[in-house]
Amino acid sequence: MKNNKYKILLLSDLKKTTELDLKSTVGLAKMVGGEITLFHIKRPTEIVDRDNQLSTMRSINEKHLITDKLIESIVKPVSQEFDMPIDYKLSFGNLKHEIESYIQEHKPDIIVLGKRKAKKLNFIGDNITEFVLKTHKGPVMITTGKDALQPNKEVALGVLNTIDKTLDINGIEELISKTKVPIKTFHIVKAANSNSTVDVTAEINTFEYVFEQSDKALESVSKYVSKNKINLMCLDKNNKTKRDIMNKLNVSLLLTGEKNPDTTKLVF
């Protein structure tokens, strides 16, 4: 029987927020019906500091065993707590090369990244977020430790559109069916009396906030996101303001992607 579960890839640097990132990934997996693989990559420079080839191999093997046990110590308790099988993979090499190779070989449906503290106007962690968004055609979720998705609990979903065109969220019915209603939609327009709207089906219960485009618009959105206790914000991956959104909104983000012609799964 063909496996129709979503393949969800969590790219982790094993920092202190990894457990929260993993729980958010479990929350997403339970919502859409997915299977999880945690993937960690070690740079060779983090391991190899010896010229001798034999010593180098020993060093890699030692580090592999240590890191494998660390990953298992994070994954196993979460897997048991939420009754969710979680696979993991460890690799050594260039970050972007290993990520690209994994995507090509395993074709994950959704990729999850943990949000890290970033320098102003920069993407998170060595431009890995930007690289993943360009390389992976499907949805990308960027988690935050604050108000993380909680497995087995209803999600407060928001939808953000910062451009003057219709945003169609009809491709995320599986998420919508598991979220609190009304769903909050946030729309930033060139003028407060703009006729642009967020397009949703008549069956979906929504409440819309409209903000006039300005330098402070995202700050206003952020305040209302916090006020409504939203813990997952959906937006278009092609949104040109996504860099500012990532920096200013302290909430997990689901960036929707392109349809995969080889799958019959739900389109995000």
Side-chain angles (χ1 to χ4, degrees), residues 2-15 17-41 71-72 74-91 95 98-116 124-125 128-129 131-145 147-155 157 171-179 231-235 237 251-260 262-268:
K2 185 176 179 180
N3 184 2
N4 289 319
K5 287 189 174 183
Y6 283 95
K7 293 187 288 186
I8 302 176
L9 172 64
L10 169 60
L11 296 174
S12 177
D13 58 9
L14 300 184
K15 300 299 182 183
T17 61
T18 297
E19 184 178 348
L20 286 174
D21 296 340
L22 185 57
K23 287 183 178 181
S24 288
T25 307
V26 171
L28 178 65
K30 284 183 173 290
M31 290 172 70
V32 302
E35 55 187 21
I36 302 170
T37 299
L38 183 152
F39 186 30
H40 175 68
I41 304 159
I71 297 174
E72 184 180 13
I74 297 170
V75 167
K76 189 174 180 179
V78 176
S79 176
Q80 292 176 339
E81 181 180 359
F82 300 106
D83 191 26
M84 168 71 71
I86 301 172
D87 193 14
Y88 63 87
K89 179 178 174 58
L90 172 61
S91 182
L95 289 177
E98 293 298 320
I99 291 171
E100 185 174 22
S101 296
Y102 187 98
I103 292 173
Q104 290 177 352
E105 180 179 355
H106 298 279
K107 296 179 173 56
D109 297 297
I110 307 171
I111 293 181
V112 180
L113 296 160
K115 185 177 180 179
R116 301 289 174 252
I124 305 149
I128 293 302
T129 300
F131 175 76
V132 169
L133 288 172
K134 289 180 178 179
T135 304
H136 177 58
K137 301 303 181 183
V140 174
M141 186 171 84
I142 301 173
T143 69
T144 178
D147 296 326
L149 301 187
Q150 295 295 321
N152 302 325
K153 291 187 178 180
E154 201 173 32
V155 171
L157 177 69
I172 55 174
E173 289 93 343
E174 288 182 17
L175 286 177
I176 290 170
S177 67
K178 304 291 196 316
T179 59
N231 52 10
L232 182 62
M233 182 72 80
C234 179
L235 67 146
K237 185 190 293 186
V251 62
S252 293
L253 302 173
L254 180 65
L255 291 90
T256 59
E258 303 170 11
K259 182 177 180 180
N260 183 350
D262 299 324
T263 182
T264 57
K265 295 174 184 172
L266 181 70
V267 180
F268 284 81

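Sequence positions, counted from 1, serve as the residue numbers for this chain.
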Quick check: does any side chain N or O of H136 sit under 3.5 Å from a backbone N or O of D109, one acting as donor and the other as acceptor? yes
Going through the distances and angles, do V78 and V26 end up as a side chain to side chain contact (heavy atoms under 4.5 Å, CB included)? CA-CA 9 Å; V78 176; V26 171; 3.9 Å; yes
Are any of the side-chain heavy atoms of I111 and I103 separated by less than 4.5 Å? yes
Closest contact, heavy atoms only, S79 versus M84: OG-O, 2.7 Å
Testing the basics here: between K30 and F82, what is the closest heavy-atom pair and its distance to 0.1 Å? NZ-O, 3.1 Å
Distance col, row S101:OG vs H106:NE2, nearest 0.5 angstrom, shows 9.5 Å
From S91 OG over to Y102 OH, what is the distance, rounded to the nearest 0.5 angstrom? 11.0 Å
To the nearest 0.5 Å, what is the distance between CG on L113 and CG on L255? 10.0 Å
Any non-hydrogen side-chain atom of T179 less than 4.5 Å from a side-chain atom of M31? yes
Shortest non-hydrogen contact between K7 and K107, atoms and distance: CE-O, 3.3 Å
Side-chain contact, heavy-atom cut-off 4.5 Å: T143 with L20? no
To the nearest 0.5 angstrom, please state how far the CZ atom of F131 sits from the CG atom of L11. 10.0 Å
Test item: K5 side-chain N/O and I36 main-chain N/O as donor-acceptor pair under 3.5 Å: no
Residue pair V112 / I8, side-chain heavy-atom distance below 4.5 Å: yes
Show the nearest heavy-atom pair for residues P108 and L9, with the distance to one decimal. CB-CB, 3.9 Å
Using every non-hydrogen atom in the two residues, find where T256 and K237 come nearest and quote the distance to one decimal. O-CB, 2.9 Å
Closest heavy-atom pair, I128 versus L95, reported as atoms and distance to 0.1 Å, is CD1-CB, 4.0 Å
CA sep, side-chain torsions, deciding dist, call: L253, L235, side chain to side chain contact (heavy atoms under 4.5 Å, CB included): CA-CA 7 Å; L253 302 173; L235 67 146; 4.0 Å; yes
Return the NE2 to OG1 distance between H40 and T18, rounded to the nearest 0.5 Å. 8.5 Å
Return the CD1 to CZ distance between I99 and F39, rounded to the nearest 0.5 Å. 7.5 Å
Do L232 and M141 make a side-chain contact, defined as non-hydrogen atoms from C-beta onward lying under 4.5 Å apart? yes
